[in-house]
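The block underneath contains the structure these notes are about, expressed in structure tokens.
Any value given below was found using the heavy atoms of this structure, including those in side chains, with hydrogens, waters and symmetry copies removed. In each ligand, atom 1 is the first atom listed, and ligand 1 is the first ligand listed.
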Amino acid sequence: MPTTPGHKKGRPSRPQPGRGRPHRPETPAPDRTAPELGPDGLPQVSLLRRGVERWQGGHPWIYRADLNGDPGLAGGEVVRVTDSRGWFLGKAFYSRQSKISLRWLSYEDVPVDADFFRQRLAAADALRRKALPGEHTYRLVHGEADQLPGLVVDRYGDYLSAQFLVPAMESRKELIADLLTELFKPKGIVNRSDVGVRALEGLPSEKGLLRGQLPGPISFDEGLVRMKADLLEGQKTGAFLDQRENHVMAAQYAHGEALDCFSYVGGFALQLATRAQRVTAVEISDAAAAQLRDNAAANRLTNLDVVVANAFDFLRDAVDEGRRFDTIVLDPPSFAKNKDAVEAAVRGYKEINLRAMQLLRPGGYLISASCTYHVNEQAFEDMLASAAADARRRVQIIERRGAGKDHPVLLNLRETRYLKCFVLRVL
Ligand code: SAH
């Protein structure tokens, strides 16, 4: 049997005291009206065998179908997780409405209190200090991958922007804000819990200032470029920090005439403009395009044109007009929120990548990204190969990249490996 942290310690070899109502392991328990409590007074949730196997295999999520009956809880609790005989397996956050019922917190029987969260937050920060020394802007907490399920915190220098994505984190919002204040002394903490996934948890969309002040858009550096993002009104927590390392990398390949599609506030476009002769940035949102123009002006980059347009139309027209580029970046929003939409997503990716390959001069670079988890790296590479074949171009893969080091990938939760970023050279 593979070793999991659960086998190291904190997993008693016999049932907990006060338990012992015997029933056959794989017969679901009847739905309860009153939750069962463990020795420390926390509610207990027991798993069917498949759930136990997932838990011990290190998967941080347990689905409702793998619970041994309805635990009769309101949702948002820290619970003791047991097998169907009452053996302690660990502690988790419980969600009532979501299909994901349990989110792993610990294999050990430790109190889940302020100190628990303080240590996890400090550990997340310690990783960034090692992986990205000297940086002031990074994802400080990446949810499950930092053992803090349902919590995202991005740091933009003196300001933090947080998302609370599950009921148990939502109900600890003030505690987390207090701990972030104590540990990092930010000038302001923004709450950007205005995201669709909250609806799956029965939580409303919320946005506002949690602590301190926010003087307006916040400046931060990416390589030699100074960016500005609106933490309250911008997309995500204000910017796409997962692409920071890729933005800076893009400057390395930029030359000649460059095109950045799906630009947002210019993460790629401004980097391209530091090296290329001329850059065209295509973005559909007026607000993002306006911020992009401000960002270009603040960096005194005058070789950049911002076009407010649908990138699909722009690319099609550019091919029809016989235009040519030397460097192209494609960084579209997610095209598939679920498995059913994958085929359409791949078609969308192929359309824009095929056109980009047609538009590139020999020796030109295509930096092509996808943040759709459901289209994995192999499927994305297959799509690129098929686009190259249809475009009748020979294409080299120069780099296969992902999100930055501040977005760790949890091997047991492949959902955390969502971002692909290929650097290709068209011959
Ligand atoms: N490249 C950016 C992030 C892009 S996010 C960065 O690295 O910072 C995707 C962007 O595409 C969003 O700003 C969104 O407004 C824009 N967008 C969505 N659909 C679009 C379309 N059809 N044409 C052009 N832009 C689009």
* To do: Compute both the distance and the angle, then confirm whether R54 meets the cation-pi test with W61: under 6.0 Å from the six-membered ring centre, within 45 degrees of the axis.
  => no

* Structure fact -> Checking D326, N303, D305 against R278 for side-chain hydrogen bond (donor to acceptor under 3.5 Å, both in side chains), the one that qualifies is D305

* Could you tell me whether Q213 atom CD has more than 12 heavy atoms of other residues or ligands within 6.0 Å of it? => no

* Asked: Side chain or backbone of S263 under 4.0 Å from ligand 1, or both, or neither, by non-hydrogen atoms?
  -> backbone

* Checking salt bridge (charged side-chain N to carboxylate O under 4.0 Å, His left out) against R139, which of D154, D125, D146, D406 comes through? -> D154

* Would you mind checking which non-hydrogen protein atom is closest to atom 23 (N) of ligand 1, with the distance to 0.1 Å? => A311 N, 2.8 Å

* To do: Just need the protein heavy atom nearest to atom 4 (C) of ligand 1, so name the residue and atom and give the distance.
  => F262 O, 3.3 Å

* Check ligand 1 against F268 and write out every atom of the ligand that is under 4.0 Å from a heavy-atom position of the residue. => 1 (N), 7 (O)

* Asked: Quick one: does P408's side chain get under 4.5 Å of H142's, heavy atoms only?
  -> yes

* Matching residue for D221 among K228, R244, R226 - test: salt bridge (charged side-chain N to carboxylate O under 4.0 Å, His left out) -> R226

* Asked: Out of I284, L292, L270, who gets a non-hydrogen atom closest to atom 25 (N) of ligand 1?
  -> I284

* Residue pair R414 / Y373, side-chain heavy-atom distance below 4.5 Å -> yes

* Judged by non-hydrogen atoms, does P333 sit under 4.0 Å from ligand 1? -> yes

* Residue and atom name of the nearest protein heavy atom (relative to atom 22 (N) of ligand 1), distance in Å to one decimal -> N310 OD1, 3.1 Å

* To do: For ligand 1, find out whether one of its N or O atoms is nearer than 3.5 Å to an N or O atom of F240.
  => no

* **Per-atom contacts of ligand 1 with Y264, taking only distances under 4.0 Å to non-hydrogen atoms** => 2 (C), 3 (C), 4 (C), 13 (O)

* Tell me: protein heavy atom nearest atom 10 (C) of ligand 1, and distance? -> E283 OE1, 3.6 Å

* **For Q235, atoms of ligand 1 separated by under 4.0 Å from a heavy atom** => 12 (C), 13 (O), 14 (C), 15 (O)

* To do: Please state whether A309 comes within less than 4.0 angstrom of ligand 1, counting heavy atoms only.
  => yes

* Asked: With only distance considered, is H247 within less than 3.5 Å of ligand 1 through an N or O on each side?
  -> yes

* Asked: Could an N or O of ligand 1 be found under 3.5 Å from any N or O of D331, whether backbone or side chain?
  -> yes

* Quick check: does any side chain N or O of D66 sit under 3.5 Å from a backbone N or O of I62, one acting as donor and the other as acceptor? -> no

* Close side-chain approach of S193 and R198, heavy atoms under 4.5 Å -> yes

